[in-house]
Student: 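Pasting in a structure now, in C-alpha cells, and then I'll have a few things to ask.
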Amino acid sequence: MNAMDLLKDLNPQQVKAVTTGTGPVLVLAGPGSGKTRVLTHRMAYLISVMGIRPYNILTVTFTNKAAREIDKRVRNLIPNDLQGILMGTFHSVCARILRYEAAHLPITANYVIYDDDDQLSVVKRSVRELNIDEKLYKPSSILNAISLLKNDMIRPEQMTIKSYKDGVVQKVFDRYQQVLISNNAVDFDDLLLYTARLLEEAPEVREKYARRFEHILVDEFQDTNIAQYTLLRHLAGENHNIYVVGDEDQSIYRWRGADYHNVERFEADFPGTTKILLEQNYRSTQTVLDAARAVIDRNRHRTPKALFTERGSGEKVHLYVARDDRQESEYICQKAAELINKLRFKAGEIAIMYRTNAQSRLLEEAFIKAAMKYKLVGAQRFYGRREVKDVIAYLRLVHNPSDEVSLARVINVPQRKIGDTTLQALMEYAHQLGVNAGTILLDLVQGPASAHWQYMSKGGVNRLADFGSRLQEWLELKGTLTITSLLQKMLEDVEYRQYIEDETEEGQDRWGNVEEVLRLAYEYEQQGMDAFLESLALVGDQDTIPDAPEAVTMLTLHAAKGLEFGAVFIYGVDEKVLPHSRSLDDPEELEEERRLFYVGITRAKDQLYLSRAEFRGGYGGMDTTDPSRFLEDIPRDLLKVEGQHRSYSSNGYGSYSRSNRQEKQEQYIWKSPPNTVPLKQPELRYKANTRVSHPSWGEGWVLESRIMDGDEVVDVSFDSIGLKRLLANLAGLTVIEKK
C-alpha cells in the first residue's frame, strides 16, 4: 500500500500524526477522535512506507481486546507478513520477556501467574504466619498497599515507615514476596516490576531489547504507572523512537497506580517531543461534547482540547430527577424499553453506567420485574467460577509443582480425606526444611522408604502419598500428551465430572464450564502450556464483553473506558455518589472523579441520559441527597429536565448552586447551646502512631488512645509480645522521640 492510499480517509491532524518523523511523539487524542485508527495507520506507515521490519516494532496496549482490534486493523491495511511483530498488553509482553530472561530472575521460566484470589490467599497466609490480627489489618487492604508500592517500584526494605500500619505492611510485603518466590509464582504487578528492574539493572538485557525495538508504540499512555513508564523509558533509550497516544482527561485508574503525570514526564524525559492534538470527534453529537467539555474544563494539569464534530448538535441531554433511587431505576428501565420498542436503538446499543457495582441491585430488580434482558459487566467472571478455578489449579500444579496455592486448592477436591490439619502440617514441615510442599509430596511416593514418612501423621501420610503418586504420574505424562489430553486424563483420574455434575441444571452448567476450558485448551495445543496458562491469567473483564450483546449492558464507569454506545444512561449523579464521598477532601481524587464522569459522558454516540434521586437508600432508611457538583458545570441550555423539580428551574439545572450546598451543610455544624461551659476533658498524652517504650516489654507502637472514665487508656502493639491495653497513668510508658 502506498502512502496516498493509506492516508486518504484521514483528517489533516490524523495525517500529521501518522506521517510525523522519527523521534518521540506525543499524540493527545480526545474521546472518539480516531485514536486507534491513528495508531494502526502509524504502524502500517512504518512498515509499508518507512520500510521498518515488523520484528523491530513493539506495540503495547492495556487490554487484550484492544490488542486484537489493533492487530486486525493493521492486517486489513497491509496484507504483508507481520511475522515477528511483538504486540499485546503490557502484562503479556512482560510475561514473554521474563520467560526468555528467567536466568536473571529469582524464578524459573515455568512460573505461574497468581490472580487476585491467589494473591489474597498468600497475604492471608503471611498475616497468620506473622501473628498479625486480621481484624485490625485487613488482608485486602494490605494487598492493595503492596500493589501500589510495586507500581511505584518500591521494595519492602525501601519503604518509609511513618506509622505502625506501615510497619505491618512492610513485614507482610516481605513475607508475601518470599512466598511468591518459593512457589515459583508472580503476581500481575511483578510482571511489570521484574521487567522494569531487569531493564534498569541488567545493561546487556536492556541493550538487547532497545536494539530490537527500533519503534515503540503505546496505547492509552495516560494509564501507565511508574513501573510501566520506567520500562518504556529504558526500552526507548537507544533510539528515542517512542510514539505514545493518550488523553490526560481520560486517566481514571489512579487507585491502581496509573499516573497521568507521566504525560508531563514524557515531555521532560524526551526533549524535542512532537506534540499533536486530535480534536475532531467521530462518535458523539456536539451537545454531548459540549456537556463533556463543560465538566472537564474545570480540571487543572491538562491540555485544553476544542472537541468538535460534523454530526450536528443532536438532542439535549436528558436529566431525570427521581423521588428516590427505586423510582430512578424504574425510570431507566422504562426509558430503555421505550428506546428499544420505538426501534431507535437495539438493546446491545444501550448502556447503563454507575459509580460502584453495588448500585446495580435496584437496576437489576427493575429489569427482572420488566422481563428485560440485561448483561451485567463485572459480575462473577467465567474464570472466577469455582469449577473453572479448580481445573486451572490442577493444570498449574502439574506445570509448576512448587505452586502451593494451587496445591492447597485441589489436594482435597474432590474430597479425599486430606483435611486442613493434615495440609497445614505438610506445609509447616516443608517450610521448616526450606522446601515447598510439592517436593515433600513427591518424595512420599516412596512409601516408608521416604525420609519424610515418619514425620507425617499416620492417618494422613498414606493419603498424601496417594495424591503424590497421581501428581508424579501427571508430571511424567506432561511431556508426551497434549494440554487437552493431559487435562482430560487428570479430570478422569480424580472423577471430577462425577463430583461436579449432580443431576441438577446448575451441575450441568458447571460441567459445561469445564468443557469450555477444555475447548480453550485445544486452541493452545501448538503454543503450549506456558501460553495457555498465561492467557487465562491475563484475561480482563472487558475481554469478556461480547461485541454486540443482545441485551442492555450494565457496568461501572471504570469498566466503560474504551467502549461506546448509541444511548448511555449515567445513574446516580448525586453528591457523595458521583463524586464519591471519599474523594471530597482530596483535590486529586476529586479531579479523577470529574474525569470519570467525563469518560462516561463521552461514551454516548447519540443520546445521553443523566439521573439522580432526591432520596437514596442508606443504612436503615432513606437519606436525602444533593445534586452532584458536576451537574452545576453543564450549561442549562444543554439540558432537558424531567421528574422532580424542587432543585431545578424549568429550563434546566441551576437553582441549587455551590453556595446553596455550602449553606445547607453549614446548617448541620454542631454548635454548643448558649450560656453553657463544656466540661474540659483530659488531654491525650499518647497519640496514635507514636513510638513508645515500656520498662518490661520494650518498644512498640500506639494504635489508639482514648479517655474512659476520666483515665487515658492506650492500646499498644509491642514488638516482643503483641497487643496490650494499658492505663496510661500506671503503665510507665516513655515516648521515643523521632530522630
Side-chain angles (χ1 to χ4, degrees), residues 18 27 29 31-48 54-55 57-97 113 115 188 191-192 213 215-221 223-224 228 243-246 250 253 282-283 348 351 375 377-378 381-383 516-517 519-528 530-550 553 555 558-565 603:
V18 169
V27 180
S33 62
K35 169 180 65 66
T36 304
R37 168 177 283 202
V38 165
L39 194 66
T40 53
H41 278 67
R42 175 66 173 181
M43 291 173 66
Y45 188 83
L46 288 173
I47 296 167
S48 62
Y55 178 80
I57 296 174
L58 167 66
T59 301
V60 284
T61 68
F62 274 85
T63 66
N64 294 309
K65 186 175 183 180
R68 289 193 298 268
E69 179 65 22
I70 291 170
D71 181 71
K72 183 178 77 173
R73 292 199 197 185
V74 175
R75 292 180 188 278
N76 286 338
L77 288 172
I78 50 172
N80 311 45
D81 183 7
L82 298 180
Q83 184 68 32
I85 196 168
L86 184 53
M87 177 164 49
T89 64
F90 272 97
H91 291 91
S92 66
V93 168
C94 288
R96 190 175 306 183
I97 291 174
I113 303 170
D115 65 16
F188 298 128
L191 292 172
L192 305 175
F213 300 128
H215 288 266
I216 301 169
L217 297 94
V218 186
D219 189 23
E220 303 287 9
F221 180 68
D223 290 333
T224 53
Q228 288 162 330
Y243 187 97
V244 303
V245 183
Q250 297 184 69
Y253 300 118
Y282 292 90
R283 176 190 300 153
K375 176 173 179 59
V377 177
R381 296 167 53 211
F382 173 78
Y383 299 101
E516 179 65 13
V517 176
R519 187 191 66 77
L520 287 168
Y522 182 76
E523 295 179 5
Y524 281 83
E525 297 284 57
Q526 300 302 316
Q527 295 168 264
D530 276 343
F532 178 53
L533 290 174
E534 184 179 301
S535 72
L536 295 178
L538 299 181
V539 70
D541 281 343
Q542 281 203 351
D543 300 318
T544 64
I545 303 173
D547 292 333
E550 293 304 315
T553 302
L555 72 172
H558 282 102
K561 178 78 177 298
L563 304 178
E564 60 179 37
F565 300 89
R603 300 309 95 194

Student: With rounding to the nearest 0.5 Å, note down the distance linking CZ in Arg37 to CD1 in Ile70.
Tutor: 14.0 Å

Student: With a 4.5 Å limit on heavy-atom distance, are the side chains of Ile113 and Phe188 in contact?
Tutor: yes

Student: What are the two closest non-hydrogen atoms of Tyr524 and Ala531, and how far apart are they?
Tutor: CE2-O, 3.7 Å

Student: Evaluate side chain to side chain contact (heavy atoms under 4.5 Å, CB included) for Val377 paired with Thr553, printing each intermediate quantity in order.
Tutor: CA-CA 7 Å; Val377 177; Thr553 302; 3.7 Å; yes

Student: With the threshold set at 4.0 Å, does a side-chain nitrogen-carboxylate oxygen contact exist between Arg283 and Glu564?
Tutor: yes

Student: Give me the atom names and distance for the closest heavy-atom approach of Arg603 to Pro31.
Tutor: NH2-CB, 3.8 Å

Student: Under a 4.5 Å cut-off applied to non-hydrogen side-chain atoms, are Asp530 and Glu534 in contact?
Tutor: no

Student: Less than 4.0 angstrom from a charged side-chain N to a carboxylate O is my criterion; do Lys65 and Glu69 meet it?
Tutor: no

Student: Could you check whether any side-chain N or O of Lys561 sits under 3.5 Å from a backbone N or O of Gln250, counting only pairs where one atom can act as donor and the other as acceptor?
Tutor: yes

Student: Which distance, rounded to the nearest 0.5 Å, do you find between the OG1 of Thr40 and the CZ of Arg75?
Tutor: 13.0 Å

Student: How close do Thr89 and Phe62 get, counting heavy atoms only, and between which atoms?
Tutor: CG2-C, 4.0 Å

Student: Provide the closest heavy-atom pair for Val18 versus Tyr45 in the form atom of the first, atom of the second, distance.
Tutor: O-CD2, 3.6 Å

Student: For a side chain to side chain contact (heavy atoms under 4.5 Å, CB included) check, start with the C-alpha distance between Asp219 and Val60, then their side-chain angles and the critical distance, and finish with the verdict.
Tutor: CA-CA 6 Å; Asp219 189 23; Val60 284; over 6 Å; no

Student: Is a side-chain N or O of Ser92 found less than 3.5 angstrom from the main chain of Gly88, in a donor-acceptor match?
Tutor: no

Student: Which heavy atom of Val38 sits nearest to which heavy atom of Tyr243, and what is that distance?
Tutor: CG1-OH, 3.4 Å

Student: How far does CD1 of Ile57 sit from CE of Met87, to the nearest 0.5 angstrom?
Tutor: 9.5 Å

Student: So how far is it from Arg68 CZ to Thr61 OG1, rounded to the nearest 0.5 Å?
Tutor: 9.5 Å

Student: Kindly compute the distance separating CG (Leu217) from CG (Leu46), expressed to the nearest 0.5 Å.
Tutor: 6.0 Å

Student: Regarding Lys375 and Glu550, does a basic nitrogen lie under 4.0 Å from an acidic carboxylate oxygen?
Tutor: no

Student: Could you tell me which non-hydrogen atom of Leu563 sits nearest to which non-hydrogen atom of Leu555, and how far apart they are?
Tutor: CD1-CD1, 3.8 Å

